[in-house]
Each structure stands twice: as C-alpha cells, then as structure tokens.
Amino acid sequence: MSIETNGPGVDTSRRTVLKAAAAVATAPLFIPASALGRDGNVAPSERVALGFVGLGTHGHGYNLNHFLSQDDAQVVALCDVFADRRESARQTVKERRNHDCEKVADFRDLLARDDIDAVVISTPDHWHALLSVMALEAGKDVMCEKPSLSIAEGREVMEAVGRHKAVFQMGLEDRSVVYYHRMCELVRNGAIGELERIDVKLPSGVLFDAEEQTPVPDGLDYEMWLGPAPHHPYTPTRTGAMQWRQIRDYSGGILTDWGAHLLDTAQVGNFAERTAPVEVQGKGVWPPEDAMSEMPLEYELDYRYANGVEMRVESGEVAIRFTGSDGWIGNQGWRGVLQASDEKILRTRVDDETNRMWSRPELEHRNFLDCIKSRQPTTYTAEDFHYLSTVMHIGNISMQLDGRKLQWDPEKEAFIDDDAANALRFRQRRDDWMKL
C-alpha cells in the first residue's frame with residue numbers, strides 16, 4: 001500500500017484500513033516449532049503478537065530488544081520509513097528468535113493485520129497521537145512513546161482508549177527505576193514533612209544550523225515521515241533524533257523530551273499524576289530565526305499547583321529535589337543516588353499497610369504484556385500520558401507567548417481568559433491527515 005501525502009482526500013479511517021487487509025498479499029513466512037510453543041517454549045495461546053512502528057535507536061535498541069527478552073512476546077511485523085532500519089530490526093529478530101517476521105514501509109499495512117494484538121509506537125512525537133488512535137480504531141492495544149505533540153492530542157488518545165476499552169502504556173520507565181520510586185515513596189509518606197517546593201533541572205537545548213535542501217536519499221519515505229506535519233523540503237539531518245526534537249512541527253524540545261522523565265517523578269511525588277499546575281510562567285532563550293532549531297536553548301519555568309506547591313524547572317543539568325517543611329530529598333544526574341538534608345530521611349521506614357505509594361512496577365514492557373492479558377491498567381495509562389504532557393505543553397506555551405504568566409484550569413483543560421494561549425492547545429494536521 002502506498003500513500004500520496006500531497007493530494008487531497010486520503011482516507012485514513014478504520015474502514016479503509018480494514019478494507020486494505022483483504023487487498024494486502026503477504027508472503028507466507030516459515031515459523032519454526034519453537035515459535036509455536038513447542039520444545040518447551042511459551043504456548044501460542046499465551047503469546048502476545050506485536051507490531052512495531054518506528055525502529056530507530058529507541059524503537060529498536062530499547063523497545064524491540066526489551067520485548068524480545070520476554071518469552072511471551074511474539075514479534076510479527078516491523079515498520080519504519082527507513083528501509084535499512086526495517087532490515088536491521090528484522091535481522092535482530094531472526095538472530096534472537098530464530099524465525100523471520102514481516103517488514104512493511106506503510107504502518108497501515110501493519111494495522112490491517114488481524115494477527116497482531118498490540119502495536120508498539122516509537123516514532124517522532126508528531127506521529128504519537130495519530131498513530132495511537134488509528135491503532136486503537138483497528139482493534140489493537142497500544143504502547144506509545146512519550147509525549148503528545150499538543151494538549152488536545154493527549155485528550156484525543158485518552159478518549160480513544162476509553163471508547164475501545166483498550167490497554168495503553170506510555171513508553172516511560174521512571175516509575176520502575178528504584179531511585180525515583182523510593183524518592184516519591186518517601187515524599188508521599190511524609191519523610192520530609194509537608195511538601196512545599198520541587199526543583200527540576202533538565203539539559204539545555206541544542207542549536208542546529210539551517211541546512212540546504214538535498215534530494216531524499218534512497219530507502220527513505222520522507223513524505224510518510226512528515227505525515228501530519230507541515231511539508232518541509234528534505235535536508236540532510238532533519239530526520240535525526242536530536243534534530244527533530246528541536247523543531248516545533250515535530251516536538252516540544254528538551255522540555256517535552258527529558259522533561260517527561262523528571263516531571264513525571266515531580267507529578268507523582270506531589271500526588272498530581274492525574275492533574276496539572278494551575279499557574280505557569282516561563283522564559284526561554286530562543287535560537288536565531290535562521291537556525292534549524294526552533295525550541296528554547298535555555299529556559300526557566302515557574303509552576304504553581306492548586307495545593308500551593310511551587311515547582312521550578314530550569315535548564316543546565318539533570319537533577320530533581322523535593323523540599324518540605326522537615327527537609328529535602330533528591331538526586332543529581334539520571335538515576336543518581338538519593339541524597340537528603342538528613343540521612344534519617346533516607347532510612348525512613350514506610351508501613352506496608354499505610355503506604356501512600358504503589359509497589360514498584362516491573363519494566364514497562366513486561367507490565368504492558370501482563371496488562372494485555374489481565375485487562376488491568378498499566379504502569380502509565382493514557383491519563384498519565386495526557387496529564388504529564390499537559391504540564392510540559394503549558395510551559396512551552398508560556399515561553400512561546402514571551403513569558404506571559406498563564407492561569408490553567410485543570411478541570412476544563414483551558415487557560416483562563418487568554419484566547420491566544422488557548423489557541424495553542426491544538427496543532428493543525430496536514431489536510432491528508434486531518435481526520436482519523
């Protein structure tokens with residue numbers, strides 16, 4: 001199946017996806033006995049058939065490899081707009097599982113298969129919500145990388161998961177990391193007294209200079225890579241993982257990339273994982289207008305929650321600290337060792353019966369497979385995906401509006417008395433991808 005993303009009227013609805021299933025002719029693949037549950041392996045009835053969309057550094061090196069470590073995960077199909085990535089991932093599956101799998105260039109071919117239970121999405125951010133909803137409409141459970149591209153898109157995913165009673169997992173590991181889990185457990189259970197302030201530090205943005213247009217290289221479907229984003233001529237490094245994260249059409253910059261990690265811990269420690277701050281003001285240092293990078297290189301944001309807790313987010317390093325009436329706890333660096341104002345805080349015992357923090361879950365990949373079978377909520381639900389993304393989006397919107405202090409209503413999901421800010425809750429998709 002091919003797609004013409006410059007022409008009008010491309011129907012990406014579920015009806016078209018399902019119609020396409022009958023038209024897609026896939027070559028039969030040899031499946032060895034071990035893949036069918038013989039030779040002491042997991043029985044077919046216990047396996048979860050997976051399709052992967054996006055096979056770059058994270059999609060292949062992290063997500064695919066982690067699922068291949070789970071005996072009950074069956075890799076059925078692989079999709080990427082880069083031909084070499086599809087083939088590299090296919091070779092990994094063959095080496096680790098001793099059987100072949102299908103590789104496709106158009107994700108709709110993958111969604112049309114009725115032998116796939118769930119889809120793992122590891123694409124650039126501008127595809128996250130649209131692909132998730134299309135997969136849900138096709139009857140699949142979904143694991144999707146963080147974040148959404150806009151506030152409205154997060155709500156779109158959350159509502160689609162509810163309509164289809166599907167299992168959704170956000171691709172984020174922090175709640176499984178012992179340091180962040182223990183930090184939140186101590187904060188939520190009063191080890192530092194009443195929480196007053198959270199300080200989060202994230203890396204600075206990266207400046208990429210503008211590039212001249214060049215021909216699209218062989219083996220890349222660039223129009224499909226762009227998908228719902230505005231058309232832009234191809235340039236040599238535009239599709240690179242560091243580069244696209246600095247471009248507004250595809251991402252929210254470092255704030256929504258690294259921020260998703262540490263701000264999730266901040267949200268959980270503040271009992272705010274299903275809400276958002278009520279006030280934000282941020283200022284950023286923006287790249288030159290002629291640069292490829294479009295998102296702030298440096299930034300400072302001040303948030304306030306309804307419970308009075310204040311949160312400062314600033315660029316320069318990686319760290320998080322919770323400050324309460326009786327001391328502080330935090331760490332420096334990714335997965336840094338816990339530190340506190342008093343060693344006694346770190347030795348605080350939490351009673352199992354009164355613990356206000358859930359048990360530390362397994363890695364998100366194992367959790368996703370288990371929840372597909374049990375139909376229970378995952379470590380990171382669609383609600384978590386939406387609310388965490390919202391925290392970061394409202395910060396970017398404040399910076400985009402020259403540091404304006406914004407009042408946010410978490411219940412109505414709207415800025416109070418600010419039409420310009422409310423207009424930025426949405427991102428326009430290209431006409432071809434406007435409707436699901």
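Sequence positions, counted from 1, serve as the residue numbers for this chain.
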Can you find a side-chain donor-acceptor pair between [X] and [Y] that sits under 3.5 Å?
X    : Y    : value
Q91  : E87  : yes
T265 : D174 : no
Y250 : R238 : yes
H365 : N63  : yes
T235 : E211 : yes
S148 : H386 : no
D417 : Q407 : no
R188 : N270 : no
T381 : R274 : yes
Q70  : R366 : yes

Where do K140 and D117 land on the salt bridge (charged side-chain N to carboxylate O under 4.0 Å, His left out) test, with the steps shown first? CA-CA 5 Å; K140 317 300 184 188; D117 301 310; over 6 Å; no

[atom1]-[atom2] distance between [X] and [Y], expressed to the nearest 0.5 angstrom:
X    : Y    : atom1 : atom2 : answer
L369 : M143 : CG    : CE    : 9.0 Å
R155 : E413 : CZ    : CD    : 4.0 Å
L78  : H60  : CG    : NE2   : 8.5 Å
D209 : S293 : CG    : OG    : 8.0 Å
I116 : L111 : CD1   : CG    : 7.5 Å
L50  : L110 : CG    : CG    : 10.0 Å

[X] to [Y] - nearest heavy-atom pair and separation:
X    : Y    : result
M392 : A260 : SD-N, 3.3 Å
I372 : V48  : CD1-CG1, 3.7 Å
G205 : Q246 : CA-OE1, 3.9 Å
N367 : Q169 : OD1-NE2, 3.0 Å
L424 : Q400 : CD2-NE2, 3.7 Å
L255 : M399 : CD2-CE, 4.1 Å

With a 4.5 Å heavy-atom cut-off, do [X] and [Y] have their side chains touching?
X    : Y    : result
R360 : R175 : no
E314 : R312 : yes
F67  : N65  : no
V391 : Q267 : yes
T323 : I192 : no
T123 : F107 : no

Please determine if [X] and [Y] form a salt bridge, counting it only when a charged side-chain N lies under 4.0 Å from a carboxylate O.
X    : Y    : answer
E364 : K146 : no
R245 : D125 : no
K283 : D402 : no
K201 : E317 : yes
E137 : R163 : yes

Please answer whether the main-chain N or O of [Y] pairs with a side-chain N or O of [X] as donor and acceptor at a distance below 3.5 Å.
X    : Y    : value
R321 : V200 : no
E273 : Y380 : no
N189 : E185 : yes
T378 : F168 : yes
D342 : I345 : no
S398 : I394 : no
S150 : E153 : yes
D80  : R85  : no
S204 : E298 : no
S176 : P361 : yes

Starting from the C-alpha separation in whole Å, work towards a yes-or-no answer on salt bridge (charged side-chain N to carboxylate O under 4.0 Å, His left out) for R404 and D418. CA-CA 10 Å; R404 185 184 305 172; D418 197 318; 2.9 Å; yes

Centroid-centroid under 6.0 Å between F368 and H66 rings: no

State yes or no: are the ring centers of F208 and W244 separated by less than 6.0 Å? no

Would you sort out whether D106 and M224 count as a side chain to side chain contact (heavy atoms under 4.5 Å, CB included), showing the intermediate values? CA-CA 8 Å; D106 189 322; M224 181 63 87; 3.7 Å; yes

Would you check, one step at a time, whether the test ring pair (Phe, Tyr, Trp, His ring centres under 6.0 Å) holds for W334 with Y179? CA-CA 10 Å; W334 174 238; Y179 305 107; 9.6 Å; no

Please assess T379 against D384 for the test side chain to side chain contact (heavy atoms under 4.5 Å, CB included), listing each intermediate value before the final yes or no. CA-CA 9 Å; T379 302; D384 298 316; over 6 Å; no

Stepwise side chain to side chain contact (heavy atoms under 4.5 Å, CB included) test for F322 and R197: CA-CA 6 Å; F322 292 91; R197 180 180 174 87; over 6 Å; no

Show your reasoning for whether ring pair (Phe, Tyr, Trp, His ring centres under 6.0 Å) applies to W225 and Y234. CA-CA 10 Å; W225 187 91; Y234 177 80; 8.7 Å; no

Residue pair R427, E156: steps toward the salt bridge (charged side-chain N to carboxylate O under 4.0 Å, His left out) verdict: CA-CA 12 Å; R427 293 287 197 99; E156 187 176 38; over 6 Å; no

Enclosure of K373 NZ (heavy-atom neighbours >12, cutoff 6.0 Å): yes

Residues, nucleotides or ligands: over 12 heavy atoms within 6.0 Å of D419 CG: no

Test side chain to side chain contact (heavy atoms under 4.5 Å, CB included) on C144 and L131; report intermediate values, then the result. CA-CA 9 Å; C144 180; L131 255 170; over 6 Å; no

